[in-house]
Student: 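Below: one structure in structure tokens.
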Protein chains: 2
Amino acid sequence: MAKTESESVSEMVITLESVRESLIRQEDTIVFSLIERAKYPRNSPLYDLSYASIPGFSGSLFQYIVSHSENLQAVNVLTKMLNDLLCNRLGDMKTQKNILSFPDNIPGSLLPPHNYPQVLHPPSASININSTIWDKYVNQLLPVLVAEGDDGNYASTATSDLDCLQALSRRIHYGKYVAEVKFREAPQDYEPLIRAKDSDALMKLLTFEHVEEMVKRRVEKKAMIFGQEVALFSNGTEGKCKIDPSIVSKLYEDWVMPLTKVVEVEYLLRRLD
Amino acid sequence: MAKTESESVSEMVITLESVRESLIRQEDTIVFSLIERAKYPRNSPLYDLSYASIPGFSGSLFQYIVSHSENLQAVNVLTKMLNDLLCNRLGDMKTQKNILSFPDNIPGSLLPPHNYPQVLHPPSASININSTIWDKYVNQLLPVLVAEGDDGNYASTATSDLDCLQALSRRIHYGKYVAEVKFREAPQDYEPLIRAKDSDALMKLLTFEHVEEMVKRRVEKKAMIFGQEVALFSNGTEGKCKIDPSIVSKLYEDWVMPLTKVVEVEYLLRRLD
């Protein structure tokens with residue numbers, strides 16, 4: 001079989017092209033996860049702060065579930081375990097105490113694959129806008145994506161939400177890699193603006209309207225193709241789509257691409273620290 | 001928006017048609033999850049019993065991760081919490097101690113949605129062939145589905161494996177519902193065979209070759225459509241598919257449909273207990 005995305009990334013130095021390819025592949029993951037979430041209705045008690053009163057925890061039922069899933073699935077935990085295992089297995093490599101290393105304060109499963117080249121500038125690497133993503137997801141996206149209603153399937157719904165949030169978060173935080181490669185390609189363009197802390201000018205430098213227009217059209221096409229009802233014979237479902245493709249296009253226009261650029265600007269502002 | 005699948009299920013008495021619709025929708029979930037798994041190479045140390053040596057745990061790294069994810073995400077845990085919350089919220093309904101109830105011994109997240117009508121015959125409801133599904137997944141499916149190699153992305157790979165296993169397990173254990181509705185529609189056909197413990201005759205009664213042929217063709221078509229590279233303009237990736245569609249068709253032919261029927265037969269054999 002062909003080389004996988006992650007293999008090809010691990011073999012090469014990071015380039016704008018490799019980051020771009022990853023962003024395109026991540027569109028599929030985002031669209032899949034949204035289609036899967038739309039199987040369930042809104043199930044709003046999940047997100048309702050006044051609904052849940054969990055001892056020792058202040059937040060919604062969904063936040064509670066996520067905080068536990070994140071803790072458990074987190075690469076941090078796994079990394080520690082793998083480190084231990086690898087150190088045991090590679091007994092003769094006593095100095096390699098941290099073959100795999102992650103920042104401790106970022107939910108592990110929102111991170112890029114661990115073998116992604118360590119190319120980020122350390123002061124910029126910790127940027128995290130998950131709280132904004134969370135808010136927009138629950139309050140802006142869900143109301144238009146899914147049907148109103150409550151079928152009580154909170155566990156499945158929360159799992160599905162988590163998939164969407166992870167996919168969106170990963171995509172948006174990839175802005176760090178986008179910013180890093182763009183900076184490396186033309187430091188002379190960025191350095192004066194960074195020194196002047198000119199966010200607006202940086203934002204302008206990072207914006208390519210024709211590219212954004214193309215991304216919007218592509219994700220809409222993906223939603224249409226991946227969300228279609230597939231039947232062998234004509235059965236009246238032709239053309240039906242499990243989600244409205246224009247919602248995905250609007251999602252990208254209104255906040256996936258803008259937030260990615262927010263991450264890029266934040267990253268660049270600390271790039272010379 | 002249109003009524004969601006789970007809403008329509010919760011409103012009606014279970015029928016062969018509603019079970020069939022659910023099985024068809026689950027095909028999409030299975031295909032999506034396989035496409036996502038194929039982003040990563042085999043990463044065989046994950047499944048290697050001799051690789052991991054985890055104190056107090058006998059099994060592979062993947063089994064360890066799954067056992068923890070299942071514990072954490074399990075509907076059982078959530079259900080208990082929801083029960084508590086609902087009991088608090090509905091303080092006046094003191095008698096409803098278990099508004100939601102699940103068998104304790106089945107991993108929660110492999111269960112059908114909780115609002116699925118409680119229609120299963122209790123002695124048959126606990127059938128569980130997850131160990132067979134696990135074995136076939138790791139040893140038969142993965143070797144043909146994904147590229148050889150090890151990129152070290154064990155956490156992401158395991159999460160992706162878990163999605164595949166849950167989707168496959170749910171689909172196969174839906175055989176219980178299939179068996180129940182078939183039994184109800186024609187008890188006179190099934191009862192003599194059940195009393196005679198005639199597994200072969202039951203299997204024959206449950207087998208419709210032309211339907212199976214159609215399912216195989218449909219999942220292959222879904223893999224082709226959902227796995228395609230989508231581009232706005234011709235870029236040489238047309239016709240490329242992220243997974244080989246014939247693998248999905250073969251997966252259904254060789255073990256998804258046969259194992260579903262194994263569940264159906266097992267279910268029926270205990271249907272008169």
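Quick note on labels: first sequence line is chain A, next is B, and so on, each numbered from 1.
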Student: Against chain B, label A:Glu27 side chain, backbone, both or neither, depending on which of its atoms sit under 4.5 Å from a heavy atom there.
Tutor: neither
Student: Which of parallel (below 30°), tilted (30 to 60°) and perpendicular (above 60°) describes B:Tyr174 and B:Tyr177?
Tutor: tilted
Student: Where on B:Ile24 is there a heavy atom nearer than 4.5 Å to chain A: the side chain, the backbone, both, or neither?
Tutor: neither
Student: Identify which of A:Asp28, A:Val31, A:Ile225 forms the greatest number of heavy-atom pairs closer than 4.5 Å to chain B.
Tutor: A:Ile225
Student: Between B:Asp150 and B:Arg42, does any NZ, NE, NH1 or NH2 come within less than 4.0 Å of an OD or OE carboxylate oxygen?
Tutor: no
Student: Tell me every residue that passes side-chain hydrogen bond (donor to acceptor under 3.5 Å, both in side chains) with A:Ser44, counting only those two or more places apart in sequence or in another chain.
Tutor: none
Student: Just to verify, what does B:Lys221 make a side-chain hydrogen bond (donor to acceptor under 3.5 Å, both in side chains) with, not counting sequence neighbours?
Tutor: none
Student: Given heavy-atom pairs under 4.5 angstrom as the criterion, report whether the side chain, backbone, both or neither of B:Glu229 touches chain A.
Tutor: neither
Student: Hey, can you tell me if A:Phe32 and A:Phe226 have their rings parallel, tilted or perpendicular (30° and 60° cut-offs)?
Tutor: tilted
Student: Among A:Glu36, A:Lys222, A:Arg218, who wins on heavy-atom pairs under 4.5 Å with chain B?
Tutor: A:Glu36
